[in-house]
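Worksheet: one structure, shown below.
Counting starts at 1 for both ligands and their atoms, in listed order. Please read these numbers as outputs of a predicted model, since none were measured by experiment.
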Amino acid sequence: MAEIADYLKLSPVMPVVTIEDASIAADLARAFVRGGIRVIEVTLRTPAALRAIEEIARAKIDIVVGAGTVLSIADLHAAANAGASFAISPGATPTLLAAGPMATIPYLPAVATASELMSGLAAGYRCFKFFPAAAAGGIPMLKSFAGPFPDARFCPTGGISQETVKSYLDLPNVLCAGGSWLSPADVLAARDWVKIEALAAKAAASRGLPRGG
Ligand code: 3PG
């Protein structure tokens with residue numbers, strides 16, 4: 001099984017998308033690929049989400065699709081069954097932390113504090129979503145984590161924009177950053193794939209080279 005870090009290093013920016021209509025999912029993913037993005041998080045926040053993941057996975061597009069907003073073990077299993085390559089939570093519970101290593105797909109828990117990070121590290125995790133990034137301390141918080149937790153790596157999301165993403169990507173403990181700014185609801189509703197491709201291209205150029213470590 002691939003490791004979550006391998007997926008997080010595919011693109012500097014991971015679109016976090018909320019899809020209301022699964023029939024647009026494959027076209028959306030293709031537009032991201034044309035813009036140079038290779039990984040996408042589909043949030044389990046709509047009835048269409050699992051179907052959207054299925055559509056993207058089945059269409060054999062050159063993009064890795066993960067499920068976001070995984071709140072329970074049932075969500076984790078549903079994500080894997082739909083064809084998601086990985087699963088992400090906006091936080092973590094002891095149950096999910098224990099189940100993650102046994103899941104059939106890699107699992108990325110989230111942290112917002114040093115204590116949550118200690119729990120995740122003690123459970124054997126090294127990679128974390130940092131959510132909600134901007135509200136929970138943003139760049140200064142990630143810099144502060146680097147001292148006591150030098151091995152932890154992060155995918156910050158929440159309140160990040162094209163204007164601020166580069167500062168996050170410059171941090172050595174950030175593998176990629178995520179956000180919803182690449183898929184505005186009105187642009188999705190209009191099926192404006194040219195616009196999505198342009199947003200993706202800008203985001204994909206936010207860091208020249210993929211991150212190691
Ligand atoms: C997430 O789940 O990561 C967030 O909803 C993305 O946050 P944003 O909408 O502020 O980019």
Side-chain angles (χ1 to χ4, degrees), residues 4-5 7-20 25 28-29 31-32 35 37-50 52-53 56 63-72 75-76 78-79 82 84-93 96 100 105-113 116-117 120 125 127-139 141-142 145 153-169 171 173-189 195-196 198-200 202-204 206-207:
I4 191 75
Y7 294 139
L8 300 180
K9 288 185 228 164
L10 284 172
S11 297
V13 174
M14 176 162 60
V16 177
V17 302
T18 297
I19 298 180
E20 303 287 348
L28 172 63
F32 283 136
I37 297 281
R38 293 284 177 274
V39 62
I40 175 178
E41 172 187 336
V42 176
T43 61
L44 301 186
R45 295 179 200 170
T46 61
L50 288 169
I53 290 169
I56 296 168
I63 198 165
V64 175
V65 57
T69 320
V70 167
L71 302 180
S72 64
D75 287 345
L76 186 56
S85 291
F86 60 92
I88 304 184
S89 294
T93 63
L96 277 167
I105 54 175
Y107 171 62
L108 185 74
V111 298
T113 67
E116 291 164 4
L117 190 45
Y125 293 83
C127 292
F128 303 88
K129 172 163 167 157
F130 174 46
F131 177 83
I139 289 156
M141 186 74 154
L142 286 164
F145 280 161
R153 295 291 177 270
F154 300 95
C155 168
T157 82
I160 301 177
S161 65
Q162 185 58 51
E163 286 65 46
T164 59
V165 71
K166 195 178 174 310
S167 309
Y168 282 93
L169 296 174
L171 301 176
N173 58 357
V174 167
L175 295 178
C176 71
S180 62
W181 81 88
L182 290 92
S183 53
D186 57 331
V187 178
L188 292 191
K195 174 80 180 165
I196 296 286
L199 290 168
K202 246 184 163 176
S206 299
R207 180 167 61 206

| Rounded to the nearest 0.5 Å, what separation is found between the CD1 atom of Ile63 and the CD1 atom of Ile40? | 5.0 Å

| note | Residue shell for ligand 1, any heavy atom closer than 4.0 Å, reads Val16, Arg45, Lys129, Phe131, Thr157, Gly158, Gly159, Gly179, Ser180

| query | Are Ser206 and Gln162 close enough that a side-chain donor and a side-chain acceptor fall under 3.5 Å? | reply | yes

| From Tyr125 atom OH to Leu117 atom CG, the distance as rounded to the nearest 0.5 Å | 13.5 Å

| said: Nearest 0.5 Å, please: how far is CD1 in Ile53 from OG1 in Thr43? | reply: 8.5 Å

| task | For the residue pair Phe145 and Phe154, categorise the inter-ring angle as parallel (less than 30°), tilted (30 to 60°) or perpendicular (more than 60°). | result | parallel

| said: Can you tell me how far apart CD1 (Ile37) and CE (Met14) are? Round to the nearest 0.5 Å. | reply: 10.5 Å

